[in-house]
Each structure stands twice: as C-alpha cells, then as structure tokens.
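Nothing here was measured: the structure is a model prediction, and the numbers come from that model.
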Amino acid sequence: KNIPLFINDLLQLQAPQDLATTHLELLNLWQKKLETYEAVLNFNSDPLKAYLVLQNFSLIAFEDVALVSKLKDFYEGLSS
C-alpha cells in the first residue's frame, strides 16, 4: 500500500536531463505493474479485471526489457 506514495515521491525527484524521459517512463511502468499485481490479488472480487490486465502482461514485460536496455546503453555511454 505504500508503493503508490513511493512512486509519487519519485515523481518529485529531479532527474538528469538526459534521463528525464526514461525516469518518467520507468515510473509509468511501475504504475502499470502495480495495477496488474493489485488486480491479480483482487481476483476473487473482480476476476474480469484480473483477466484483462493479464492480457497486457506481455506488453508490460517487453516495455520493461526495452527500458532496462535503454538504461544499460546510457550507462555504457558514460564509461566510453
């Protein structure tokens, strides 16, 4: 239950200009993951919502991999 507050705190952080867009994309991704996990946890009270969010799970996973790759490339660029 503290995670949404944590995300709001992270939104207040000043990200370096080179990472500002990625910072926001990561926070949006975390929010999508949180919504997915909450829907699955509430499966008994709303199975349709859980089913619908799980349909998007592979898209969330691909987005996660793309953002991690973007961060990896950024940090590799710092060391070269």
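- Summarising the geometry of Ala15 relative to Ala20, their closest heavy-atom pair is CB-CA, 4.0 Å, with the distance given to 0.1 Å.
- In this structure, CG in Leu78 is found 10.0 Å from CD in Glu76, a value given to the nearest 0.5 Å.
- If you take CD on Glu35 and NZ on Lys49, they are separated by 7.0 Å, rounding to the nearest 0.5 Å.
- Val53 and Ala39 get closest at one heavy-atom pair: CG2-CB, 3.5 Å.
- Atom-to-atom distance recorded for Leu26:CG and Asp64:CG is 8.0 Å, nearest 0.5 angstrom.
- More than 12 heavy-atom neighbours from other residues, nucleotides or ligands sit within 6.0 angstrom of CD on Gln55.
- Here the side chains of Leu52 and Leu48 are in contact, with some heavy-atom distance below 4.5 Å.
- One hydrophobic cluster, built from ILVMFWY side chains closer than 4.5 Å, holds both Leu67 and Tyr75.
- Residues Lys70 and Glu25 approach most closely at NZ-OE1, 2.9 Å, considering heavy atoms.
- The hydrophobic cluster containing Leu71 does not contain Leu24, counting ILVMFWY residues as joined when their side-chain heavy atoms lie under 4.5 angstrom apart, directly or transitively.
- Contact check for Thr36 versus Asn56: no side-chain heavy atoms found under the 4.5 Å cut-off.
- Hydrophobic clustering (side-chain heavy atoms under 4.5 Å, transitive across Ile, Leu, Val, Met, Phe, Trp, Tyr) keeps Leu41 apart from Ile60.
- For Phe74, the CZ atom counts as densely surrounded, since its 6.0 Å shell holds more than 12 non-hydrogen atoms of other residues, nucleotides or ligands.
- Linking Ile, Leu, Val, Met, Phe, Trp and Tyr whenever their side-chain heavy atoms come within less than 4.5 Å leaves Phe57 and Val68 in two separate clusters.
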